[in-house]
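Read through the structure below, which is laid out as structure tokens, and then see the notes.
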Amino acid sequence: MSTSRPIALVTGASRGIGRAIALELARNGFDLAANDLSHSNDLETVVAEIKANGVDALALPFDVSDLGSHEIALTNIENGLGPLTTLVNNAGVGVMHRGDPLDVSEASFERCMTVNAKALFFLCQAVARRLLAQTRDPARPRSIINITSSNATAVAVPRSEYCASKAAAAMISKCFAARLGPEGIAVYDVQPGLIETPMTEAVIDGYKQRAADGLCLFPWVGKPEDVAQVVASLATDRLPYTTGHVISVDGGMLVPRF
Ligand code: NAD
């Protein structure tokens, strides 16, 4: 167990943006607890890739929407790696079916809300309690970084329940930032735009065309590594004296224009 390195939990780390964040934090000297739904070859591969950077890592499979698993998981991190400094709430789900808000099913609405908002809230809560129980050390930056979405503010009509869940997650980020600010703990809302990952695989060609046609100021879609580098900058306090704000990683997509 290391005592001096910062220690991060990244949820949904077996692929996509979460995987890139875990690897980038490892390159920045973090020990890592890499979470995903289950023990898979993908998760084990990520853990091996993290360790190749000379840091400690453990695979920590649990369903973030199972609130009862949070305390067990956090205790496993403390026992296996040490006291947590950083939570990256990345795990998320899209809609079950794209379509008219008039046709959204209760099941899809519940799934988005449960994983993208409720699980995120209670993992923030569980981690915040543990951070507050630690002795404060200004040399050891502590933060909670929530990966929400441009859809926290921008409407996507065929994915209305996803938008609603991400808007909730954005507000949760502000609430925890306000609560934890006096304790010197930063909370950020990172809002990716169009990023090429397994989640967007089916629609990425359309997104690339729309980005090229002017939807984004940069006429291309982003990579998981773009989000990861921003997250690592936040986690290592390279944006000092910041908290509570939205950090957009969207190629300028949401810059108002007319
Ligand atoms: P992805 O589907 O490729 O990866 C998400 C990971 O989260 C998967 O490994 C999945 O198994 C895991 N996960 C899902 N539910 C979980 C649960 N209940 N418990 C534990 N793990 C769970 O998605 P991605 O594109 O890498 O997205 C990562 C995050 O970024 C999500 O929150 C997503 O909403 C957000 N985001 C993505 C984009 C984009 O364009 N890709 C844009 C904006 C926001």
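Both ligands and their constituent atoms are indexed starting at 1 by order of listing.
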Please report, to 0.1 Å, the donor-acceptor pairs under 3.5 Å made by any side chain of residues 23-30, with sequence neighbours excluded.
| unit_1 | atom_1 | unit_2 | atom_2 | d |
| --- | --- | --- | --- | --- |
| Glu24 | OE1 | Arg27 | NE | 3.2 |
| Glu24 | OE1 | Arg27 | NH2 | 3.2 |
| Glu24 | OE2 | Asn28 | ND2 | 3.3 |
| Asn28 | OD1 | Arg238 | NH2 | 3.0 |
| Asn28 | ND2 | Glu24 | O | 2.8 |

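Applying the side-chain contact (heavy atoms from CB on, under 4.5 Å) test between Met199 and each of Val203, Ile195, Thr197 identifies Thr197 as the sole match. Among Ile77, Asn89, Leu81, the one residue that satisfies the side-chain contact (heavy atoms from CB on, under 4.5 Å) test with Leu9 is Ile77. Among Val10, Asp63, Val64, the single residue meeting the side-chain contact (heavy atoms from CB on, under 4.5 Å) criterion with Asn35 is Val64.
Nearest protein heavy-atom contact of atom 40 (O) of ligand 1 is Ile195 N, 2.9 Å. The nearest protein atom to atom 25 (O) of ligand 1, hydrogens excluded, is given as Thr197 OG1, 2.5 Å; this is a heavy-atom distance. Counting protein heavy atoms only, atom 36 (N) of ligand 1 is closest to Tyr162 OH, 3.6 Å. When only non-hydrogen protein atoms are considered, atom 30 (O) of ligand 1 lies nearest to Ile147 CG2, 3.5 Å. Residue, atom and distance of the protein heavy atom nearest to atom 15 (N) of ligand 1 are Val93 CG1, 3.8 Å. With hydrogens left out, the protein atom closest to atom 27 (O) of ligand 1 is Ile17 CD1, 4.0 Å, a heavy atom. Residue, atom and distance of the protein heavy atom nearest to atom 31 (C) of ligand 1 are Asn90 O, 3.2 Å. Of all protein heavy atoms, the one closest to atom 12 (C) of ligand 1 is Asp36 OD1, 3.4 Å.
For the pair Asp226 and Val230, the minimum side-chain heavy-atom distance is 4.5 Å or more. Side-chain contact check for Arg142 versus Gln134: some heavy-atom pair is nearer than 4.5 Å.
Close contacts of ligand 1 with Ser149, meaning ligand atoms under 4.0 Å from a residue heavy atom, involve 43 (C), 44 (C). Listed by number with element, the atoms of ligand 1 under 4.0 Å from a non-hydrogen atom of Asn35 are 20 (C), 21 (N). Distances below 4.0 Å separate heavy atoms of Arg15 from the following atoms of ligand 1: 1 (P), 2 (O), 3 (O), 4 (O), 8 (C), 9 (O). Against a heavy-atom cut-off of under 4.0 Å, Thr200 is close to the following atoms of ligand 1: 39 (C), 40 (O), 41 (N). Counting the atoms of ligand 1 from 1 in the order shown, those under 4.0 Å from a heavy atom of Ser14 are 9 (O). Contact atoms of ligand 1 toward Pro198: 3 (O) (distance under 4.0 Å to a heavy atom of the residue). Using a 4.0 Å cut-off to heavy atoms of Asp63, the atoms of ligand 1 that qualify are 17 (C), 18 (N), 19 (N). The distance from ligand 1 to the heavy atoms of Phe62 drops below 4.0 Å at these ligand atoms: 19 (N), 20 (C).
For the ligand labelled ligand 1, residue Gly193 lies inside the 4.0 Å heavy-atom shell. Using a 4.0 Å heavy-atom cutoff, Thr148 is listed among the residues neighbouring ligand 1. In this structure, Thr11 falls outside the shell of residues with a heavy atom less than 4.0 angstrom from ligand 1.
Looking at Tyr188, its side chain does come within 3.5 Å of a backbone N or O of Thr242 through a donor-acceptor pair. Checking side-chain atoms of Ser165 against main-chain N and O of Tyr162 turns up a donor-acceptor pair under 3.5 Å. Side chain of Asp250 to main chain of Leu254: a donor-acceptor pair is present (N/O by atom type, distance under 3.5 Å, no hydrogens or angles).
In the hydrophobic clustering, Phe218 connects to Trp220, either directly or through intervening members, whenever side-chain heavy atoms lie under 4.5 Å apart.
Of the N or O atoms in Gly16, none lie within a sub-3.5 Å distance of an N or O in ligand 1.
Between Arg130 and Glu71 a salt bridge is recorded (basic side-chain N to carboxylate O distance below 4.0 Å).
Of the candidates Met199, Glu201, Lys166, the one placing a heavy atom closest to atom 23 (O) of ligand 1 is Met199. Residue nearest to atom 14 (C) of ligand 1, selected from Gly12, Ala169, Gly92: Gly92 (by heavy-atom distance).
Residues Ser14 and Asp36 bring a donor and an acceptor atom of their side chains to less than 3.5 Å of each other.
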**Request:** Evaluate the criterion side-chain contact (heavy atoms from CB on, under 4.5 Å) for residue pair Thr153 and Gln191; output intermediate values, then yes/no.
**Result:** CA-CA 9 Å; Thr153 44; Gln191 299 194 348; 4.1 Å; yes
